[in-house]
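Written out below as structure tokens is the structure these notes cover.
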Amino acid sequence: MTTEQRQNLLTFRDYVRKILDPTHILCYMAPWFREDKMQYIQAEKNNRGPMEAASLFLQFLLELQEEGWFRGFLDALNQAGYSGLYEAIENWDFNKIEKLEMYRTLLRRLQPEFKNRIVPLEILPELAECLISQECEEIRQICYNKGMIAGSEKLIECLLKSDKENWPKVLKLALEKEQNNLSEMWLVEKGEKDIENKDLEDDEMETSEIHIFFQEDPEYQNLSQNSQAPSEMSRTNLKPRNYQLELALPAKEGKNTIICAPTGCGKTLVSLLICEHHLKNFPQGRKGKVAFFANHVPVYEQQKSVFLRYFERLGYSVAGISGATTENVPVEQTIKNNDIIILTPQIIVNNLKNGTIPSLSVFTLMIFDECHNTNKHHPYNMIMFNYLDQKLGGSSDPLPQVVGLTASVGVGDAKTTDEAMLYICKLCASLDATVIATVRDNLEELEQVVYKPQKFSRKVESRTTNKFKFIVSQLMRDIESLARNICAEFGNLFQTQNGDFGTQKYEQRIVGVHKAGMVLRLPDKEEESRICKALFLYTSYLRKYNDSLIISEDAQMKDALNYLKDFFNNVRTAGFDETEQDLTRRFEEKLEELESVCRDPSNENPKLNDLCLILQEEYHLYPETRTILFVKTRALVDALKKWIKENAALNFLKPGVLTGRGRTNQNTGMTLPAQKCALDAFREDKDNILIVTSVADEGIDIAQCNLVILYEYVGNVIKMIQTRGRGRARGSKCYLLTSNADVIEKENINMYKEEMMNDSISRLQTWDKTEFEKKVHSIQIHDKFIRDSQPKSKPVPDKKNKNLLCGKCKTLACYTADVRVVETCHYTVVGDDFKERFVSKPHPRPKSYGGFEKKAKIFCAKENCRHDWGIHVKYKEFEIPVIKIESFVVEDIATGVQTRYSKWKDFHFEKIQFDAAEYPNDFRA
């Protein structure tokens, strides 16, 4: 060790003291420390705590004179899991650790709330990657021996010492996954958009989760009291029901209101009544201006059409603004020139941020559709943050009235009615609502319109033996062994229990290994390229095998096998190097045995037999039955459609499918026209069973059906209420079909939470008006304090030139100095050098979008790599590449440190705007 290194360790010793528990690395330091010194360090921790023990450890460490002890210390950190501290000391760069200090400060401030509100054993699996393995075990033992609060205190203590730069984000995701309302207080990325425009280079330019709004006939009968088609609907023939007038009343009196009423009861008409009353009764000499926010573009399109038809004879002007229209019509001008503006919420967030809209005072009424989304960093909440800052900041400018629409306000992670009431109060605080409007006086009328289906939960059996899983699991173990052999550093990440194969837990672990492998650094760059590429392939194949096991669990084995066969057929048409040839050979050696297993009738899935019996029974009792079958994945949608069509016992079924539009792995979703065709076919009885994913559980109004089946499908209480709401016909039924008793238990909990939600709303409606307003106001003050406590500094762009390496083979692709930003969120590369580093193939789905025309896909030019880098597009008169950052690894030229980013917005480099003058004529189309 050099004198400089010794001095550096002294300089940065405070970081080590704050992070390191030396007892976790003592076993790796045995070659350097005598037994008595290790006992002294252990005793110091027991008596005075880990920081004092770390001080003593550093004292002993710096006294060492033996050759190699500094490298031994680094290796001990790495082996024990102190990866952040290891990297910081190896490079003498503690910036990443320093940036965590503001989150530690926030966690200390929120510690009393956290320790009383979290269940550490529930979120520990998500946080394990941010902790040392010994810490995880200590937390578990404390929970078991001393209780959950003591365990929470230990978890917080460990997070405060964590050296993992992503622990604040992982904590937020863990809280959100458990639907813990503390996630609202833990604002990791202040000011960032939660729902972004999808990058063009993502290849699928639609959003990843689209919710269709397709108005059902009964809704329009409710609007017009006849069976007129939507296109013929106008305000002259609308006659609201009494319960709709009841729902509208508080808002018509000018009160900020959350309207909570069942799916299918006609909340759209309620919003029209409120809007009309607001505009007609505005004080003389003043003019009202209404903003209606729709969370998704198809909903926006539908509502814009409804509002236009309704208000066309009243003389009010209606316009819509979405991402597709902002390029052509200025937002400010559209708002100024119209009385009613239908918007997607991110439009307002962006324009408030850039100052185009000075404040929300330009509106007099804001209506939020699906308002239960007003939480966390959803655009609805971003809008209301602005509203509340204006309200609580003492501004004299008038604020708009606020109305929210929802089928379910939810209860979050509440376990008692008091906690549920607090959760609902927080939603009211977010929307500044002083009234929760539900149907109370006209319940009988409502129940004649909206039918609540009978709910059944059925536990079904899984296969007692699964030869398919046995064979595939062995293939997976073989790949894990290959990965361990090629890179010992990743060996401990492949210690898999047999039960983990075919689970989401295994998927998450392999994704972690996949990401870590992309930034592996070795002195020999050729060896680094070889190993990184091999790890990339091994983890990709493991994920495919894991997918096939998930499919086989819920569908037929042959569907899972076909999934694998399609994957390997695609592999052969791509790079197909020696590693892929070896992996393909291993699969083909087992192919005949797998096909034999799939043909064996004894391996049929008993879950499908139960599903078949339910369908046969229901259609026998009522041949006109119309069914919506909910499943978890698109692969399962395809598999079940195939199973129905091949099953002679179900020849009375005419299956249709409905999935989202986004891209998942190599699979693309349905186009918007295809989705509409599927819904039309179901409405017109061309199909009598519709197999759907989560796209159908919120924001979509499907024509009446009388049977809903949830096949291994469960979510939170909001999802349950909305999914069950698909069964609108009188006498409808809803089945939950699962082999997992925990799923039934979760659904039972959801039903309990629904009752608790309704009870909580009823109790809150009995509160004194002043008391309720005082409670809402106190929550707003508290939440504003939390928001104001968040770090506000923007990251400073790194002006140093960096390498962009292929994420698969690590070959140089380009430099950041050559990257240019096109239309705010798309990235291209200038210069002839980059043109030589990629190859292109015609795009299988060429299309135009937002000024871009997709022409081709681009891949790494290395023959044995061919990693997907993005697309080639025509933009104006230019033909340019558009690259996606997740396909690359960013390398610091000076230090060699490598970093992987999933989104361009996370990569803070100096971004230069696209300039046509930089492009020679050969770039022009």
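With hydrogens and angles ignored, the 3.5 Å screen pairs no side-chain donor or acceptor of Arg820 with any backbone N or O of Tyr827. At least one donor-acceptor pair under 3.5 Å links the side chain of Ser540 to the backbone N or O of Phe536. Between the side chain of Lys855 and the backbone N or O of Ile871, no donor-acceptor pair lies under 3.5 Å. Side-chain N or O atoms of Ser162 include one that pairs as donor or acceptor with a backbone N or O of Cys130 at under 3.5 Å. Using a distance-only test at 3.5 Å, with no hydrogens or angles considered, a donor-acceptor pair links the side chain of Asn562 to the main chain of Lys558. No donor-acceptor distance shorter than 3.5 angstrom exists from the side chain of Asp906 to the backbone of Tyr901, with no hydrogens or angles considered. Using a distance-only test at 3.5 Å, with no hydrogens or angles considered, no donor-acceptor pair links the side chain of Glu126 to the main chain of Ile123. Using a distance-only test at 3.5 Å, with no hydrogens or angles considered, a donor-acceptor pair links the side chain of Thr584 to the main chain of Glu580. No side-chain donor-acceptor contact under 3.5 Å links Asp892 to the backbone of Lys802.
Note: Phe70 and Trp92 have parallel aromatic rings, judged against thresholds of 30 and 60 degrees for the angle between ring planes. Taking the six-membered ring where tryptophan is involved, the planes of Phe888 and Trp869 are tilted, since the angle between them lies from 30° to 60°. Relative ring orientation between Tyr82 and His24 is described as parallel, the plane-to-plane angle staying below 30° on a 0-90° scale split at 30° and 60°. Taking the six-membered ring for Trp and thresholds of 30 and 60 degrees, Phe907 and Trp904 have nearly parallel ring planes, at less than 30 degrees apart.
Contact between Thr811 and Cys860 at its shortest, heavy atoms only, is CG2-SG, 3.7 Å. Between Leu74 and Tyr86 the shortest heavy-atom distance is O-CD1, 3.1 Å. The two residues Leu124 and Cys136 have their closest heavy-atom pair at CD2-O, 3.7 Å. Here the closest heavy-atom approach between residue Ala534 and residue Ile486 is recorded as CB-CD1, 3.4 Å. In terms of heavy-atom proximity, Leu583 sits nearest to Leu482 at CD2-CD1, 4.2 Å. Taking every heavy atom of both residues into account, Leu812 and Arg837 meet most closely at O-CD, 3.3 Å.
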Stepwise salt bridge (charged side-chain N to carboxylate O under 4.0 Å, His left out) check, Asp582 with Arg586:
CA-CA 6 Å; Asp582 175 57; Arg586 292 169 183 268; 3.1 Å; yes

May I have the step-by-step check of side-chain contact (heavy atoms from CB on, under 4.5 Å) for Leu85 and Phe94, ending in yes or no?
CA-CA 8 Å; Leu85 193 57; Phe94 285 78; 4.1 Å; yes

Checking Phe501 against Phe470 for the ring-ring contact (aromatic ring centres under 6.0 Å, His included) test, could you report, in this order, the C-alpha distance in whole Å, the side-chain angles of both residues, the deciding distance, and whether it holds?
CA-CA 10 Å; Phe501 291 134; Phe470 176 81; over 10 Å; no

Evaluate Gln556 against Leu561 for side-chain contact (heavy atoms from CB on, under 4.5 Å), listing each step before the verdict.
CA-CA 9 Å; Gln556 300 177 101; Leu561 181 57; over 6 Å; no

With salt bridge (charged side-chain N to carboxylate O under 4.0 Å, His left out) as the test, would you mind laying out the steps for Arg530 and Glu578 before giving the verdict?
CA-CA 11 Å; Arg530 184 184 71 84; Glu578 289 182 5; over 6 Å; no

Go through Arg71 and Asp75 one step at a time and tell me if the salt bridge (charged side-chain N to carboxylate O under 4.0 Å, His left out) criterion holds.
CA-CA 6 Å; Arg71 174 47 58 184; Asp75 290 344; 3.6 Å; yes

Derivation and outcome, side-chain contact (heavy atoms from CB on, under 4.5 Å), residues Ile883 and Phe838
CA-CA 11 Å; Ile883 60 173; Phe838 71 81; over 6 Å; no

Does the side-chain contact (heavy atoms from CB on, under 4.5 Å) test come out yes or no for Val519 and Val897, once each step is laid out?
CA-CA 8 Å; Val519 294; Val897 172; over 6 Å; no

Criterion side chain to side chain donor-acceptor pair (under 3.5 Å) on Lys810 and Gln898, from CA distance to verdict
CA-CA 10 Å; Lys810 293 292 188 75; Gln898 297 177 6; 2.7 Å; yes

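Between Asp833 and Cys814 there is no side-chain heavy-atom pair separated by less than 4.5 Å. Between Phe73 and Ile25, some side-chain heavy-atom pair lies under the 4.5 Å cut-off. Residues Lys544 and Met476 fail the side-chain proximity criterion, which asks for heavy atoms closer than 4.5 Å. Between Val882 and Tyr875, every side-chain heavy-atom pair lies at or beyond the 4.5 Å cut-off. Between His514 and Met518, the closest side-chain pair of non-hydrogen atoms falls below 4.5 Å. Using a 4.5 Å heavy-atom cutoff, the side chains of Lys862 and Lys808 are not in contact. Within the 4.5 Å cutoff, side-chain heavy atoms of Tyr538 are placed close to those of Thr579. The side-chain heavy atoms of Phe567 and Val571, taken from C-beta on, include a pair separated by under 4.5 Å.
Around NZ of Lys99, the count of heavy atoms belonging to other residues, nucleotides or ligands within 6.0 Å does not exceed 12. For NZ of Lys800, the number of neighbouring non-hydrogen atoms (other residues, nucleotides, ligands) closer than 6.0 Å is 12 at most. Other residues, nucleotides and ligands contribute more than 12 heavy atoms inside 6.0 Å of the CD atom of Glu589. In Glu526, the CD atom is not crowded: 12 or fewer heavy atoms of neighbouring residues, nucleotides or ligands sit closer than 6.0 Å.
Taking the six-membered ring where the residue is Trp, the centroids of Phe878 and Phe914 are separated by under 6.0 Å.
Relative to the six-membered ring of Phe859, Lys841 meets both conditions, a distance below 6.0 Å and an angle of at most 45° to the axis.
Rounding to the nearest 0.5 Å places NZ of Lys884 at 9.5 Å from CD1 of Ile858. The line from OH of Tyr815 to CD of Glu891 is 10.0 Å long, rounded to the nearest 0.5 Å. Once rounded to the nearest 0.5 Å, the distance linking CG of Asp818 with CG of Asp832 reads 10.5 Å. A distance of 10.0 Å separates SG in Cys806 from CG in Asp868, rounded to the nearest 0.5 Å. Here NZ of Lys515 is found 9.0 Å from CG of Asn166. Values are rounded to the nearest 0.5 Å. We find the SG-CD distance between Cys809 and Glu528 to be 11.0 Å, quoted to the nearest 0.5 Å.
A salt bridge does not link Lys161 to Glu135: none of the charged nitrogens lies less than 4.0 Å from a carboxylate oxygen.
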